[in-house]
Amino acid sequence: MSTKAHADHDHHDHKPTGIKRWLFSTNHKDIGTMYLVFSLIMFFIGGSMAMIIRAELFQPGLQFVDPQFYNSMVTVHALVMIFGAIMPAGVGLANWMIPIMIGAPDMALPRMNNMSFWIMPFAFALLLGTFFMEGGAPAGGWTMYPPLVLQTGKAFPFLIFAVHFLGISSIMGAINIIATVFNMRAPGMTLMRLPLFVWTWVITAFLLIASMPVLAGAVTMLLTDKYFGTSFFNAAGGGDPVLFQHIFWFFGHPEVYILILPAFGIISQIIPTFARKPLFGYASMVYATASIAILSFFVWAHHMFTVGLPINGELFFMYATMLIAVPTGVKVFNWVATMWKGAMTFETPMLFALAFVILFTIGGFSGLMLGITPVDFQYHDTYFVVAHFHYVLLTGAVFALMASAYYWLPKWTGHMYDEKLAKIHFWLSAIFANVLFFPQHFLGLAGMPRRIPDYSVQFADFNMVSSLGGFAYGISQLLFVYIVIKCVLGGKKATGQVWEGARGLEWTLSSPPPYHSFTKSPKVTKALMDY
Amino acid sequence: MIKIGGIKRTTVLLTLLTVVMFGFGYALVPLYDVFCEVTGLNGKTARIYGKEASKLVVDKERFVTIQFDSNINGNLAWKLKADQKFLKANPGKFYVATYTVENMINEEIVGQAIPSVTPQIASLYLKKAECFCFKSQVLKPGEKKKLTVRFEIDKDIPKDVESLTLSYTFFRALKDKKRVS
């Protein structure tokens, strides 16, 4: 770069102050922070809906809310958690970490970065505003199956446009990430030296670009079916409601990997750090991630085994689904082999990572059970499904996000977090997440359907246990907020390296890193990433 | 090492991919229809015309029971009844079945019947030469009407299909929509 005289970072550190710094920010660190804070707020909004759901299910019978409102809780909880909490958290981490992991000064398209963040508050204003509308919030399930979703009242177009906006936002984020990684790597940062978090995000970004537009198409068809007389999904006009399910899940299955692949990346950063060993198989991890991504486009119909597919279709989708267990197994064994004979310590990020490996694998196995066509006919639309996807999304994706927050908080803030409180947070989370979701397996196998506000009395005990776990888990997350705020405000000064076993470019910067980092490209050598 | 040109190219290509995938979502609709027609899924039945009909060979040895079912979609105030519960049909021979439909309210309504055949494999072999489902039906207030369907079962229908069900559901037709599956 030509500005050698400006190599002193502090000199570069002037930034707009006050609200303008955030509104007009094009700085990847600020935008990353905004994404992370936004997703945490959404996590609590979605979480309070979950509390209402669990309160209603505490006992059989209708206690607190009417069934319509209950249904909208179920629907909006899912939308908020998927599009508001987990995805933006992933994008926030990508924004913060990818440039400093690959030695780039910022994201490739900083203005678009700003826009893709600021679309989201508006999208959620549209979605959450529907609670105050005639007919209430959407209550047809987050999957928006017609014809039920077409009965949504005034909220319907708001739901559709919210989904459109969220799609646009995440596609812009994805384009930005790929453009950054492909074009802004420091010299020597070859593709096969990229930190795995970056790799998993590149692949996630491709999944986003390939699948979100299909969802946008599907919801646009719903919109024109309702208001403009088309009949994509209307049998009276020659359409077919099952078609929606095919299109939706063509998006929906890649979407679940969009939620989990960044988590895989996070875990692949954290375990080597605290095992003080390089990842057991770097290349196999990259290829496993890519194969999961590709396979994800060929398994969508395992979400709809019961719609009346021909036997050959059921078999194809069953086998393809089973196939995904292979690269996923490669990953799990990789993590375990990395820890083998490692000099492990158990700081909070590592604890969350270990819990992730165990609990995500449980969720993966219940996924395999659901993937077996003949038994899926029993499990379909029961609490077993609910237990399965909460194991992979809560104790999977969310635990990985928590791990990443503890792992990188010292880097972001320059202060160490309170390790003792963080460990308490971990144990409360790990214990109560299981109290919350494990009994739901039994409920599902015993035949309790999902998405109902009331149930028969034989399900009462396990539901009460599950609800108690839910309340405890929910309250213990407030501790996380306290720990984060405490860490932002002060604490033991963190070194640049932070963790003894941490490797990579981001750890060569000070903690917190300067506002503008790597304005001069660093040289990346093999030694930098090695142990 | 920042490649400015590369950023532009990547952005354009990825934006293009986004547009293509949006189009692909819509392309799934005709693909789905073609797939259903080829495989006979969804009970989409075949249609034959005069020329083909003359080539029919009747298989007198075999009988396939065909059951007639009728449904009315929730927002249509009509009554639909099959005039025969079932019929034993020789493959390769034409039969006529009738339904009676009645408008129960004081309003002229256009209705559209959508056929469906189970088992799905049988829908490939049930061929209709004439059917009230080919076009929408207009019923005056209180009008009662006989509707006919003329069909044959193809002689190549698999041996294990001993009976099949032909079901009609009447929907309130979408305004100005005269599409027939």
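Quick note on labels: first sequence line is chain A, next is B, and so on, each numbered from 1. The analysis underlying the following values was restricted to heavy atoms, covering all of them including side chains, and did not include hydrogens, waters or symmetry mates.
In plain terms, the two heavy atoms of A/Ala210 and B/Met21 that are nearest each other are O-CE, 3.0 Å.
In this structure, the side chain of A/Asn183 engages the main chain of B/Gly6 through a donor-acceptor pair within 3.5 Å.
Taking the side chain as every heavy atom from C-beta outward, B/Lys3 and A/Phe182 never approach each other to under 4.5 Å. Between A/Phe232 and B/Tyr32 the shortest side-chain heavy-atom distance does not fall below 4.5 Å. Residues B/Thr18 and A/Ile175 form a side-chain contact, since some pair of their non-hydrogen atoms from C-beta on lies under 4.5 Å apart. When side chains are defined from C-beta on, A/Pro105 counts as touching B/Ile2, because their heavy atoms get closer than 4.5 Å.
The line from CD1 of A/Ile171 to CG of B/Leu17 is 9.5 Å long, rounded to the nearest 0.5 Å.
Proximity to chain B is absent for every atom of A/Leu208, based on heavy atoms less than 4.5 angstrom apart. Both the backbone and the side chain of A/Ala216 have a heavy atom closer than 4.5 Å to some heavy atom of chain B. Of the atoms belonging to A/Phe206, it is side-chain heavy atoms, and not backbone ones, that fall under 4.5 Å from chain B. Residue contact with chain B, scored on non-hydrogen atoms closer than 4.5 Å, involves the backbone and the side chain of A/Thr220 alike. When heavy atoms are compared at a cutoff of 4.5 Å, B/Thr15 approaches chain A by way of both its backbone and its side chain. Both the backbone and the side chain of A/Ile209 come within contact range of chain B, with heavy atoms under 4.5 Å apart.
Per-residue counts of heavy-atom pairs under 4.5 Å with chain A were compared for B/Phe170, B/Phe24, B/Phe22; the largest is that of B/Phe22.
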